[in-house]
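This report refers to the structure that appears directly beneath it.
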Number of protein chains: 2
Amino acid sequence: MNTVKIKAARKPRVRRPYHHGDLPERLVEVAEAVIRERGVDGFSLREVVRRAGVSPAAPAHHFGDARGLLSEVALRGFRAFGDALAAADARGGTDPEKRLYEQGLAYVTFALKHPARFQLMFRHGKYDIGYKDLPAASERAYQVLEDAVRAAMGLAAGEPMTDDANGFLMATWSVVHGFAHLALGEELTRPARARGGKDQVLQALLPLTLKHLPRPKRPR
Amino acid sequence: MNTVKIKAARKPRVRRPYHHGDLPERLVEVAEAVIRERGVDGFSLREVVRRAGVSPAAPAHHFGDARGLLSEVALRGFRAFGDALAAADARGGTDPEKRLYEQGLAYVTFALKHPARFQLMFRHGKYDIGYKDLPAASERAYQVLEDAVRAAMGLAAGEPMTDDANGFLMATWSVVHGFAHLALGEELTRPARARGGKDQVLQALLPLTLKHLPRPKRPR
DNA sequence: CAACCGACTAAACAGTGTCAAGATACCATG
DNA sequence: CATGGTATCTTGACACTGTTTAGTCGGTTG
């Protein structure tokens with residue numbers, strides 16, 4: 001509500017906002033709230049501007065179009081995602097298998113705790129894949145996984161990935177990614193299947209699944 | 001273009017169509033073509049009626065609203081999907097591991113050969129989950145997988161699924177489902193990662209990944 | 001033949017994203 | 001301190017979307 005207007009006499013070069021405090025920031029927050037409540041498909045730029053109390057054309061100058069705004073949201077999602085994976089990796093210490101397990105746990109946990117972000121991140125077509133340093137943020141999250149895989153397969157940092165390592169990586173990634181999607185799609189909690197909510201999925205189903213994470217060094 | 005009008009004097013009870021040959025059928029075909037070309041998000045009911053040459057309100061009487069039409073498309077997708085999995089399962093013969101491998105292959109192949117269908121099927125919110133016998137069709141596809149898992153884990157048909165069996169099932173499902181999603185999202189074919197198109201994914205990356213399908217009976 | 005009914009059209013409505021003009025508030029400069 | 005200049009935002013409009021309402025047509029049936 002209150003627009004901040006104080007503290008204008010610091011440095012002359014700081015780009016201070018306008019009517020609205022900091023509209024771009026506010027728009028991103030509101031956009032995230034909207035997809036949190038209405039889902040990625042339920043997103044509406046007009047709903048965002050309505051909540052932010054500005055005109056429908058206001059976001060244009062900052063983000064271009066709706067895709068631009070969603071790209072910013074996705075970028076932040078990838079940053080937070082990469083952070084979560086890196087933290088989990090560190091939690092795994094020096095044991096490659098533990099690092100991968102922790103990453104898998106964190107992967108699914110992130111997806112279930114921030115479903116809107118996660119679903120947007122993997123819904124190309126809703127945002128611009130090349131937006132600002134989104135490619136870097138996305139690639140960084142990927143690298144966290146690849147590094148742990150390299151350690152598990154005994155590959156140095158510079159060495160090229162072998163076919164085996166790539167297969168191992170893709171299988172690991174696929175398990176956690178697939179589990180996240182299935183859980184978010186309520187596929188795992190149908191009446192005929194196991195029941196329970198998100199907590200049950202995370203605490204019971206996920207560990208049962210992660211027992212079957214690929215193990216390195218097993219030929220044929 | 002040509003509406004079929006011949007052969008009207010068969011049986012008096014057959015519900016014969018109207019202006020348009022068979023509009024419901026035509027709408028489903030066109031709808032599938034639209035999502036094939038424009039993606040699930042690019043779907044537009046008005047584009048469908050435009051191509052079918054009817055008014056925007058025409059689908060209402062047959063399918064209610066747009067969700068209804070997409071539900072029918074999804075239903076057919078699940079039927080074809082279940083058929084493909086069952087055929088692959090049969091191809092696996094009596095070896096449980098082979099049955100699961102073939103199913104995994106078929107799962108991803110279906111996703112890459114019919115991306116529009118597949119993506120719609122797993123995009124709840126775009127269609128009605130309880131539409132007609134869609135639940136049955138979806139559950140049937142699931143059962144094909146569960147049956148093979150039961151065989152692999154040595155469980156009889158009536159026996160309840162154990163935690164181990166469920167974990168094994170979810171892990172298997174997650175790998176192929178995740179791989180399909182990653183492949184469709186172009187995540188596996190980024191410049192930094194492995195290159196190549198769909199064929200390369202199916203022929204090179206997928207086998208590398210399926211090597212790491214969960215193996216039954218491995219405790220801890 | 002008349003009445004009926006399912007299938008479709010025509011027209012309209014509210015909602016969407018985006019664009020072209022214009023107004024406004026801040027900024028640096030004279 | 002006044003004065004442009006410019007980034008920021010508003011207003012109004014446009015084309016598009018899905019859905020509803022009322023009406024019309026086609027074919028069958030009593």
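Every chain is numbered from 1 and lettered A, B, ... according to where its sequence line falls, protein lines coming before strand lines.
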Could you tell me how far apart [X] ([atom1]) and [N] ([atom2]) are, to the nearest whole angstrom?
X: E47(B); N: dT19(D); atom1: CD; atom2: C1'; result: 18 Å
X: K126(A); N: dT16(C); atom1: NZ; atom2: P; result: 14 Å
X: L27(A); N: dT8(D); atom1: CG; atom2: P; result: 12 Å
X: F43(B); N: dT17(D); atom1: CZ; atom2: C1'; result: 11 Å
X: D65(B); N: dT21(D); atom1: CG; atom2: P; result: 14 Å
X: D41(A); N: dT16(C); atom1: CG; atom2: P; result: 15 Å
X: L45(A); N: dT17(D); atom1: CG; atom2: C1'; result: 16 Å

(message) Closest-nucleotide mapping onto DNA chain D: is P56(A) or H61(A) further toward the 5' terminus? I mean the 5' end.
(response)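 Between the two, 5'-proximity favours H61(A).
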
(request) Select from R46(B) and P24(B) the residue whose nearest nucleotide in DNA chain C is closer to the 5' end of that strand. (result)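 Between the two, 5'-proximity favours P24(B).
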
Would you say [X]'s side chain and [Y]'s backbone share a donor-acceptor pair under 3.5 angstrom?
X: S71(A); Y: D128(A); answer: yes
X: R193(B); Y: E187(B); answer: yes
X: Q103(B); Y: V144(B); answer: yes
X: H62(A); Y: P24(A); answer: no

(message) Is the distance between the ring centroids of H177(A) and F122(A) under 6.0 Å?
(response) yes

(message) Is there a side-chain contact between S44(B) and the phosphate of dC16(D), meaning an N or O under 4.0 Å from OP1 or OP2?
(response) no

(message) Measuring to OP1 and OP2 of dC9(D), would you say a side-chain N or O of S55(A) lies under 4.0 angstrom away?
(response)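 S55(A) to dC9(D) OP1/OP2: no side-chain N or O under 4.0 Å.
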
(message) Counting the atoms with a prime plus P, OP1 and OP2 as sugar-phosphate, which does R50(A) contact under 4.0 Å by heavy atoms, base, sugar-phosphate, or nothing?
(response) sugar-phosphate

(request) Give one of base, sugar-phosphate or nothing for A66(B), where a contact means two heavy atoms less than 4.0 Å apart. (result)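 If one applies the 4.0 Å heavy-atom cut-off, A66(B) turns out to touch the sugar-phosphate alone, with no base involved.
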
(request) Ignoring the backbone of L23(B), work out which of dT10(D), dT20(D), dC8(C) is nearest its side chain. (result) dC8(C)

(message) What's the closest nucleotide to the side chain of H62(A) if the choices are dC9(D), dA10(C), dT19(D)?
(response)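 For H62(A), the side-chain atoms sit closest to dC9(D).
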
